[in-house]
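As structure tokens, the structure follows; a few thoughts come after it.
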Amino acid sequence: MLKYRNILVYIDPTQEQQPALQRAVEIAQKGKNAKITLFLCCYDLTYEMTSLSSMEERHAMQSLVIRDNREWLETLAAPYREQGLSIGCQVHWHNRPFQAAIQSILKEGYDLLIKSTHPHSRLSAILFTPTDWNLLRKCPVPLLLVKAKSWPENGKILCAIDCKSIQDTEHHDLNETILSEANDIAAMINSNIHVVNAYPSPPMNIMMELPEFDPIHYEDGLKKFHQQTLSDYARKYQVDEKNIHLHQGLPEDVISSVACDIKAELVILGTVGRSGLGLTLLGNTAEQVIDKLDCDLLALKPEGFVSPIKLE
């Protein structure tokens, strides 16, 4: 059964190659009746600020840019249409591409957004908030960020699990969503599932303030708890015991390290949206790990997530 039936592909007009489109085609070819829509957002502030042109002239220039981009999308789609795939094209005039993409998802009911990704510097992230990061925070459907590698048969999917207290229902439900999604994708592309979890070091402030605190005993108990929780998830979702990876450290370091070691083609993790001051801060695991991976990343939102972006 095909997992995704209505796929939106974010096209990058600055790139000659479109890994996101290729990945969408690979997914769509796994089953029938899958529809792909190519999405491109264009905007040029000079058209809005041209004082020498009338409103009608500016609209005409805008229409020309949209038409040229639509024709280009049609050339991208043509070879795949000849293979029998259903591919539509959308061009939007908007100064915030991520917002236009999310509004399109809300309006058309897409079940997956695919976008190729590029490295970001920490400085640019703080000042400008790249489109990838806005989508990670606000996209209401699964977001697949693609790098230029294919998905081979019998590849590896790495699920990043957060083994917090069993009373933390939000994290538990998100873990279940991640593993369920991994099972569906593994069946679709014939891949093997691995799970990874990172547990923290003993807190230094407690070690300094409480002389009787035993860091070795604390660390051993914490590791056993995480190991048991991880094993329980693996057993429930039929993940082989040898595919369980538990390491001490920061999640972003552990996830990227294990993904590299096992040569994963896809990492699946959960991400929660943030608003207000949180939007300006670094700290979300998905955002921290994205530039360290040399494979695709599928980011999932918790059940009931509502995007702060609304239809205009």
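Heavy-atom basis, side chains included; hydrogens, waters and symmetry copies ignored. All residue numbers in this chain count up from 1 along the given sequence.
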Audit row: Val141, Asp111, side chain to side chain contact (heavy atoms under 4.5 Å, CB included) steps and yes/no: CA-CA 6 Å; Val141 299; Asp111 51 30; 5.7 Å; no
Test log, rule side chain to side chain contact (heavy atoms under 4.5 Å, CB included), inputs Gln227 and Ile244: CA-CA 9 Å; Gln227 184 70 61; Ile244 295 175; 3.9 Å; yes
For a salt bridge (charged side-chain N to carboxylate O under 4.0 Å, His left out) check, start with the C-alpha distance between Lys30 and Glu153, then their side-chain angles and the critical distance, and finish with the verdict. CA-CA 12 Å; Lys30 299 298 180 180; Glu153 288 286 318; 3.8 Å; yes
Start with the C-alpha gap between Ile66 and Cys42, add the side-chain angles, then the distance that decides, and say whether side chain to side chain contact (heavy atoms under 4.5 Å, CB included) holds. CA-CA 7 Å; Ile66 292 175; Cys42 56; 4.1 Å; yes
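Put simply, CE on Met61 and CD on Glu56 are 11.5 Å apart, with the number rounded to the nearest 0.5 Å. With rounding to the nearest 0.5 angstrom, the CD1 atom of Ile189 is 8.0 Å from the CD1 atom of Ile27. For the atom pair CG (Leu266) and CD (Glu181), the distance works out to 9.5 Å, reported to the nearest 0.5 Å. Taking CG of Leu40 as the reference point, atom CG of Asn69 lies at 5.0 Å (rounded to 0.5 Å). Ile36 contributes atom CD1, which lies 10.0 Å from atom CG of Leu112 (distance to the nearest 0.5 angstrom). To the nearest 0.5 Å, the span separating SG on Cys139 from CG on Leu144 amounts to 11.0 Å.
In this structure, Gln228 and Lys224 have side chains that are not in contact, with every pair of non-hydrogen atoms separated by 4.5 Å or more. Looking only at side-chain heavy atoms (C-beta outward), Leu135 and Ile102 come within less than 4.5 Å of each other. Tyr233 has its side chain out of reach of Asn197: every pair of non-hydrogen atoms, C-beta onward, lies at least 4.5 Å apart. Using a 4.5 Å heavy-atom cutoff, the side chains of Thr131 and Lys115 are in contact. Within the 4.5 Å cutoff, no side-chain heavy atoms of Lys301 are placed close to those of Pro140.
With His92 as the fixed residue, the ring-ring contact (aromatic ring centres under 6.0 Å, His included) test singles out one of Tyr10, Phe98, Tyr43, Phe39: Phe39. The only option from His94, Gln90, Gln99 that meets the side chain to side chain donor-acceptor pair (under 3.5 Å) definition with Ser104 turns out to be Gln90. Asn175 pairs with exactly one of Asp162, Thr229, Leu230, Val195 by the side chain to side chain contact (heavy atoms under 4.5 Å, CB included) rule, that one being Asp162. Tested against Ile268 for a side chain to side chain contact (heavy atoms under 4.5 Å, CB included), the candidates Leu297, Leu158, Ile185, Thr177 yield a single pass: Ile185.
Residues Ile193 and Cys159 come closest through the heavy atom pair CG2-SG, 3.9 Å. The two residues Leu85 and Ala28 come nearest to each other via the heavy atoms CD2-CB, 4.2 Å. Across every non-hydrogen atom of Val267 and Cys295, the tightest pair is CG2-SG, 3.8 Å. Heavy-atom minimum distance, Ala24 versus Val9: CB-CG2, 3.4 Å. Taking every heavy atom of both residues into account, Thr37 and Cys89 meet most closely at CG2-N, 4.5 Å. Across all non-hydrogen atoms, the minimal contact from Arg137 to Phe305 is O-CZ, 3.4 Å.
Note on residues 85-108: no pairs pass salt bridge (charged side-chain N to carboxylate O under 4.0 Å, His left out), not counting sequence neighbours.
Checking side-chain atoms of Gln238 against main-chain N and O of Lys236 turns up a donor-acceptor pair under 3.5 Å. Counting only distance, with no hydrogens or angles, the side chain of Ser307 and the backbone of Lys138 share a donor-acceptor pair below 3.5 Å.
Of the N and O atoms on the side chains of Ser191 and Glu265, not one donor lies less than 3.5 Å from an acceptor on the other residue. With 3.5 Å as the limit, one finds no donor-acceptor pair spanning the side chains of Ser116 and Asp12.
Open room surrounds NZ on Lys35; 12 or fewer heavy atoms of other groups in view lie less than 6.0 Å from it.
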Could you tabulate the donor-acceptor pairs under 3.5 Å formed by side-chain atoms of residues 75-84, not counting sequence neighbours?
from	atom 1	to	atom 2	distance (Å)
Thr75	OG1	Trp72	O	2.5
Tyr80	OH	Gln22	OE1	3.3
Arg81	NE	Ile87	O	2.9
Arg81	NH1	Glu74	OE1	2.5
Arg81	NH2	Glu74	OE1	3.3
Arg81	NH2	Ile87	O	2.7
Gln83	OE1	Gln29	NE2	3.2

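Taken together through direct or relayed side-chain contacts under 4.5 Å among Ile, Leu, Val, Met, Phe, Trp and Tyr, Leu311 and Ile105 form part of one hydrophobic cluster.
Ring planes of His194 and His245: parallel class, angle under 30° (limits at 30 and 60°).
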